[in-house]
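In what follows, every heavy atom counts, from backbone to side chain, and hydrogens, waters and symmetry copies are set aside.
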Amino acid sequence: RCTAVSFRPPALGALGLWGGVEQDRLRAAVVPEDTERWQREPGWAGLQRVGGVDLSYGGGNDGSACVSLVVLGYPGLQVLYEDCRMVAVNAPYVAGFLAFREVPFMVEAVERLQREQPELRPQVLLVDGNGLLHQRGFGVACHLGVLTDLPCVGVAKNLLHVDGLVKDELHKEQIRSLQKKGDTFPLMGTSGAVLGMALRGCNNSSKPLYVSVGHRICLETAVHLVKSCCKYRIPEPIRQVEKQGS
DNA sequence: GCGACAG
DNA sequence: ATCTTGTCGC
């Protein structure tokens, strides 16, 4: 069995080696707690813009993809900004190293927005994928958060098997226990640490979201934020950005 | 030994 | 992620 530290992607020695080292190095910069003023204000009165970033792939064979960035007003969730452009992806997708494939382009998109329309800079970003819920505790949401210094939340649509977390019968039973929107259960690894939270984002779908801390936000705030962004199963910033990509 | 494991 | 039709239900 692979342990978190000794895990290496097969047939990708280079990425697994220096990629893992790079993640371990950057991980020290993650701030897994609330650091923003709005996070402390009642009703998040100071929160006005929530962003979403995503990459979508067309053909599937070539390395062409589309990076999309959207900014929604909060709490109205109306679209304030949307950007989408083609890029050439080079790194392959390997579970545990998604950031090396997608984050560079996300950073570009965020920097372009901050340069061209700084007044629309998102106060927090919802990212497809995980944050601390990761083989080395440094998923895409942490990676993007550290590189942009923006609060980030990881929102995965599927469970990443790590630290003993698996989609077994017990897990499915826990999912069945999520009866209504907002219901959650902690994702505790073998190590005893709570790596994230399974969240039922809406009443119509029983399939949960896997929320984890990316950067500059605590898990509880992250879960409440994601819940408040859900009109359907997929939180609006991510739903809009995926729509933008296709 | 094979397969599994975000997008 | 993406390939893909219809179908069941509110």
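- The interatomic distance linking A/Gln244 (CD) with C/dA1 (P) rounds to 16 Å, in whole Å.
- By the 4.5 Å heavy-atom criterion applied to side chains, A/Asp83 and A/Gln117 are not counted as neighbours.
- When the P atom of B/dA6 is taken as reference, atom CG of A/Leu187 falls 14 Å away, rounded to whole Å.
- The distance from atom CD1 of A/Ile238 to atom C1' of B/dG7 is 11 Å, rounded to the nearest whole Å.
- Rounded to whole angstrom, the span from the NZ atom of A/Lys243 across to the P atom of C/dA1 amounts to 16 Å.
- A donor and an acceptor atom sit less than 3.5 Å apart, one in the side chain of A/His134 and one in the base of B/dA6.
- An OP1 or OP2 oxygen of B/dC5 is reached within less than 4.0 angstrom by no side-chain nitrogen or oxygen of A/Asn158.
- Using a 4.0 Å heavy-atom criterion, one finds that A/Asn204 contacts no nucleic acid atom at all.
- The SG atoms of A/Cys202 and A/Cys230 lie 2.5 Å or more from each other.
- Rounded to whole Å, atom C1' of B/dC5 lies 13 Å from atom NE2 of A/His171.
- For A/Lys157 and C/dA1, the shortest distance from a side-chain N or O to OP1 or OP2 is below 4.0 Å.
- At a threshold of 4.5 Å between non-hydrogen side-chain atoms, the residues A/Arg216 and A/Cys152 do not count as touching.
- A/Leu144 is not listed as a side-chain neighbour of A/His215, based on a closest heavy-atom distance of 4.5 Å or more.
- Side-chain nitrogen and oxygen atoms of A/Tyr57 include none within less than 4.0 Å of the OP1 or OP2 phosphate oxygen of B/dG7.
- Here A/Val140 lies in heavy-atom contact (under 4.0 Å) with a base.
- Ring geometry for A/Trp44 versus A/His224: interplanar angle of 30 to 60°, hence tilted.
- Stacking here means ring centres nearer than 5.5 Å and ring planes tilted less than 30 degrees, and by that measure A/Tyr93 stacks onto B/dG7.
- If you take CG of A/Leu144 and C1' of B/dA6, they are 15 Å apart, rounded to a whole angstrom.
- When rounded to the nearest whole Å, the span between CZ of A/Arg136 and P of B/dA6 equals 14 Å.
- Atom pair A/Asp62:CG and C/dC3:P shows a separation of 12 Å (rounding to whole Å applied).
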